[in-house]
Asks: 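Quick one: the structure is below, and I'll ask about it shortly.
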Amino acid sequence: MTTIKLHNTKTRQREVFTPIDDKNVRMYVCGPTVYDRAHLGNARPVIVFDVLNRLLRHVYGNDHVTYVRNFTDVDDKINARAAESGRSIGQITAETTQWFLEDMAAVGALEPDHMPRATAYIPQMVSMIEGLIAKGHAYAAEGHVLFAVESYKKYGALSGRSIDDMIAGARVEVAPYKRNPMDFVLWKPSDADTPGWDSPWGRGRPGWHIECSAMAYELLGAHFDIHGGGNDLMFPHHENEIAQSCCAHPESEFANVWMHNEMLQVEGKKMSKSLGNFFTVRDLLDQGVPGEVIRFVMLSTHYRKPMDWTDKKRDEAEKTLREWNNPDRISIVSDTAASEFDRKHIDNDVMDCLAEDLNTPGAISVLHRLFKDGNMEQFVASARYLGLPAADFEYFRKSSIPAMTEPINVMVANTVNDLIGARAKAKSERNFSEADRIRDGLLGAGIRVTDRKDGTSGWELVADFDPAKLEALK
RNA sequence: GGCGAGUUGGCGGAGUGGUUACGCAGCGGAUUGCAAAUCCGUGUACAGGAGUUCGAUUCUCCUACUCGCCUCCA
């Protein structure tokens with residue numbers, strides 16, 4: 001069996017991964033707060049942990065992995081969005097949830113086994129909070145319930161902070177009802193205009209962190225294998241989750257392995273609305289950037305390093321994927337029900353790279369080698385395994401040019417073939433200036449003509465295909 | 001101020017105590033009516049300083065710089 005090694009934030013070391021139960025490997029990844037379209041940075045953890053999910057399923061068996069990723073659909077950002085737009089909270093969260101699923105599917109992410117919504121777990125949260133109060137880890141004050149960080153000795157261990165240091169450097173305004181400035185909210189009161197649920201502390205709503213603790217406990221138990229998310233969640237979100245869960249279930253250790261992906265940057269700078277470099281996954285898709293290209297770029301940097309999204313990388317990724325989908329090179333027929341074929345032919349070196357703390361750039365380099373060496377079965381199976389298209393040229397070509405509908409596609413092909421025929425005739429008459437004129441014209445329209453050894457000619461679309469220019473050549 | 005990550009050839013980006021990926025670009029060649037595409041060949045880089053070592057890009061320490069978190073954030 002493949003030995004998987006993962007970098008554990010908790011120990012700051014790369015460790016051999018040993019499941020608690022190899023018949024049910026359990027992973028929880030923090031999902032989005034559903035108030036707006038997923039931006040590009042949101043896609044990184046989704047893709048990273050999608051790869052891990054695929055790896056675990058390959059190693060332990062498809063039916064022996066439970067992957068949970070939540071939707072946080074109760075949050076003050078959602079409330080604010082509803083208030084400013086005049087729409088209902090339910091409309092916003094339902095719509096945003098659906099967008100998220102569509103956008104993540106477009107970048108090749110498989111759906112987790114469970115995608116719980118926080119609002120479906122309010123009673124479990126209330127119950128967990130009651131337990132924390134009973135054990136002396138939390139206290140009610142002025143309609144709030146707060147977690148007492150001093151009641152948990154290991155508070156700060158994950159992110160390497162001490163409570164005293166944090167207080168010294170804190171820039172937060174401290175609510176008067178907090179016993180310790182670092183105490184965080186488990187439950188807060190709601191006024192009449194804010195969503196709320198009845199509770200022992202009055203009508204209110206949960207604080208930010210408790211939903212993950214409650215849902216992880218319900219779906220995975222008190223002790224499970226892997227907990228993941230972006231490294232900006234390490235503090236305070238994950239620290240607080242650990243404190244809540246470990247105090248509510250002192251017999252357990254919560255997650256064995258903590259994994260955090262590094263942040264995404266855009267052209268060397270943090271993505272932010274004020275810098276004007278903020279964009280969503282949907283923005284890219286609508287601009288004609290295929291989801292596979294986004295995925296390829298994401299996989300080409302190791303998940304624990306900052307990733308810089310640049311136009312240059314996007315172009316190079318698209319170029320590589322075009323080459324990998326060149327029908328002249330790949331003769332294996334694509335079959336959507338090819339899971340058996342894929343499973344059998346996934347390359348061992350690709351697996352070894354992934355097993356070594358998800359070395360996706362290494363896996364891509366193996367893909368290059370397989371392609372170059374003509375090991376097409378391994379290549380296709382491995383590329384698909386990583387969620388990249390292979391032997392699927394038509395799909396890729398269509399997805400690159402969303403405006404190009406099927407009838408136009410056929411018309412384009414006919415036009416191009418006519419022009420190539422005319423060029424072949426000119427060539428046979430040794431009228432090379434006419435032949436070159438046609439070839440240059442096609443290239444200008446975004447179609448590259450390539451002569452094969454046998455005297456026939458192939459063609460492919462290049463980046464800036466322009467149907468209008470093609471029409472003008474007729 | 002506190003905590004953490006990082007600095008690899010023209011660019012991107014892995015990895016390793018000694019044999020120095022991979023991709024893009026470049027260069028040389030084959031091929032071609034000319035191209036393109038393709039194929040073959042070609043690159044000795046690891047921020048600076050000190051230390052450990054037979055030997056360090058890889059380990060330790062120091063310095064510089066970059067970035068993230070500490071407030072909502074993946």
Asks: Determine, stepwise, if the pair A:Lys319 / A:Asp315 fulfils salt bridge (Lys or Arg N to Asp or Glu O under 4.0 Å).
Replies: CA-CA 6 Å; A:Lys319 189 177 167 187; A:Asp315 292 344; over 6 Å; no
Asks: Which part of the nucleic acid does A:Arg439 contact within heavy-atom distance under 4.0 Å: base, sugar-phosphate only, or nothing?
Replies: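 The residue A:Arg439 makes base contact.
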Asks: Can you tell me how far C1' of B:G68 sits from OH of A:Tyr303, to the nearest Å?
Replies: 16 Å
Asks: On a whole-Å scale, what distance lies between the C1' atoms belonging to B:G48 and B:U38?
Replies: 44 Å
Asks: Using the P atoms only, state how far B:G41 lies from B:C24, rounded to an integer number of Å.
Replies: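 14 Å, rounded to whole Å.
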Asks: Determine the Euclidean distance between corresponding P atoms of B:U60 and B:G12; express it in Å to zero decimal places.
Replies: 26 Å
Asks: What distance, rounded to whole Å, do you find between the two C1' atoms, one in B:C61 and one in B:U52?
Replies: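 Comparing C1' positions in B:C61 and B:U52 gives a spacing of 11 Å.
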Asks: If B:U66 has a Watson-Crick or G-U wobble mate with both distances under 3.5 Å, name it; if not, just say none.
Replies: B:A5
Asks: So, does the side chain of A:His260 form a donor-acceptor pair with the base of B:A74 at under 3.5 Å?
Replies: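 Looking at the base of B:A74, it does not pair with any donor or acceptor on the side chain of A:His260 (distance under 3.5 Å).
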Asks: Please step through side-chain contact (heavy atoms from CB on, under 4.5 Å) for the pair A:Asp76 and A:Lys188, ending with a clear verdict.
Replies: CA-CA 11 Å; A:Asp76 287 350; A:Lys188 53 189 168 187; 3.1 Å; yes
Asks: Tell me whether the OP1 or OP2 atom of B:A14 has a side-chain N or O from A:Lys305 closer than 4.0 Å.
Replies: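 True: A:Lys305 side-chain N/O within range (under 4.0 Å) of B:A14 OP1/OP2.
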Asks: Assign each of A:Arg304 and A:Asn231 to its nearest nucleotide of RNA chain B by heavy atoms, then name whichever residue's nucleotide is nearer the 5' end.
Replies: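 The residue whose closest nucleotide sits nearer the 5' end is A:Arg304.
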Asks: What's the CE-C1' distance between A:Met234 and B:G2, to the nearest Å?
Replies: 13 Å
Asks: What's the gap between B:G23 and B:C39 when it is taken at their P atoms, as a whole Å value?
Replies: 10 Å
Asks: Please test A:Asp283 against A:Thr280 for side chain to side chain donor-acceptor pair (under 3.5 Å), starting from the C-alpha separation and ending with a verdict.
Replies: CA-CA 5 Å; A:Asp283 290 337; A:Thr280 65; 3.2 Å; yes
Asks: Any idea which of B:A74, B:G23, B:G33 is nearest the A:His368 side chain?
Replies: B:G23
Asks: Hey, does A:Asp451 reach any base, or is it just sugar-phosphate, or nothing, if we go heavy atoms under 4.0 Å?
Replies: base
Asks: Would A:Leu219 and A:Tyr28 satisfy side-chain contact (heavy atoms from CB on, under 4.5 Å), going step by step from the backbone distance to the final call?
Replies: CA-CA 9 Å; A:Leu219 294 166; A:Tyr28 186 97; 5.9 Å; no
Asks: Expressed in angstrom and rounded to an integer, what is the separation of A:Glu239 atom CD from B:U71 atom P?
Replies: 13 Å
Asks: Counting the atoms with a prime plus P, OP1 and OP2 as sugar-phosphate, which does A:Asp436 contact under 4.0 Å by heavy atoms, base, sugar-phosphate, or nothing?
Replies: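 Contact class for A:Asp436: base.
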Asks: Take atom OH of A:Tyr155 as the centre, draw a 6.0 Å sphere, and report whether it contains more than 12 heavy atoms from other residues, nucleotides or ligands.
Replies: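 Result for OH/A:Tyr155: enclosed.
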Asks: Watson-Crick or G-U wobble partner for B:A37, using a 3.5 Å limit on both distances?
Replies: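 Per the H-bond distance test, none.
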Asks: Given side chain to side chain donor-acceptor pair (under 3.5 Å), test A:Asn79 with A:Thr194 step by step and report yes or no.
Replies: CA-CA 7 Å; A:Asn79 302 340; A:Thr194 313; 5.6 Å; no
Asks: Closest to the A:Asn359 side chain: B:A74, B:A14, B:A36?
Replies: B:A14
Asks: Just compare B:A74, B:C70, B:C34 and give me whichever is closest to any side-chain atom of A:His39.
Replies: B:A74
Asks: B:C40, B:A74, B:A37: which one has an atom nearest the side-chain heavy atoms of A:Asn261?
Replies: B:A74
Asks: Could you tell me which nucleotide pairs with B:U20 by Watson-Crick or G-U wobble geometry, both distances under 3.5 Å, or answer none if nothing does?
Replies: none
Asks: If you look at every strand shown and take non-hydrogen atoms under 4.0 Å, does A:Phe235 touch a base, only sugar-phosphate, or nothing?
Replies: sugar-phosphate
Asks: Starting at the 5' end of RNA chain B, which residue's closest nucleotide do you reach first, A:Arg44 or A:Gln265?
Replies: A:Gln265
Asks: Taking any heavy-atom pair under 4.0 Å as a contact, classify A:Arg437: base, sugar-phosphate, or nothing.
Replies: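 Result for A:Arg437 = nothing.
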Asks: Under 4.0 Å, heavy atoms only, any strand: does A:Gly229 hit a base, just the sugar-phosphate, or nothing?
Replies: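 Answer is sugar-phosphate: A:Gly229 comes under 4.0 Å of backbone atoms only.
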Asks: Distance between the C1' atoms of B:A35 and B:C11, in whole angstroms?
Replies: 27 Å
Asks: Measuring only the C1' atom in each nucleotide, how far is B:U57 from B:U44? A whole number of Å is fine.
Replies: 12 Å
Asks: Using a 4.0 Å heavy-atom cut-off, does A:Ile364 contact any base of the nucleic acid, only the sugar-phosphate backbone, or nothing at all?
Replies: nothing
Asks: Considering only B:A14, B:C34, B:G13, which nucleotide approaches the side chain of A:His302 most closely?
Replies: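 The answer is B:A14.
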Asks: Which of these nucleotides, B:C72, B:G13, B:A74, is closest to any side-chain atom of A:Thr301?
Replies: B:G13
Asks: Below 30° counts as parallel, above 60° as perpendicular, anything between as tilted: where do the rings of A:His227 and A:Phe254 land?
Replies: tilted
Asks: Which nucleotide wins on minimum distance to the side chain of A:Glu316, given the candidates B:C24, B:A74, B:G33?
Replies: B:C24
Asks: Counting only side-chain nitrogens and oxygens, does A:Lys427 get under 4.0 Å of the OP1 or OP2 atom of B:C34?
Replies: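 Answer is no, no contact under 4.0 Å.
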Asks: Please give the distance between the P atoms of B:C22 and B:A14 as a whole number of Å.
Replies: 15 Å
Asks: Has A:Ser300 got a side-chain N or O lying under 4.0 Å from the OP1 or OP2 atom of B:G13?
Replies: no
Asks: Can you check the A:His238 NE2 to B:G68 P distance for me, whole Å?
Replies: 20 Å
Asks: May I ask you to evaluate whether A:Lys319 reaches the phosphate of B:G23, defined as a side-chain N or O under 4.0 Å from OP1 or OP2?
Replies: no
Asks: Between A:Thr415 and A:Asn417, is a side chain to side chain donor-acceptor pair (under 3.5 Å) present by the stated rule, with each step listed?
Replies: CA-CA 5 Å; A:Thr415 305; A:Asn417 285 332; over 6 Å; no
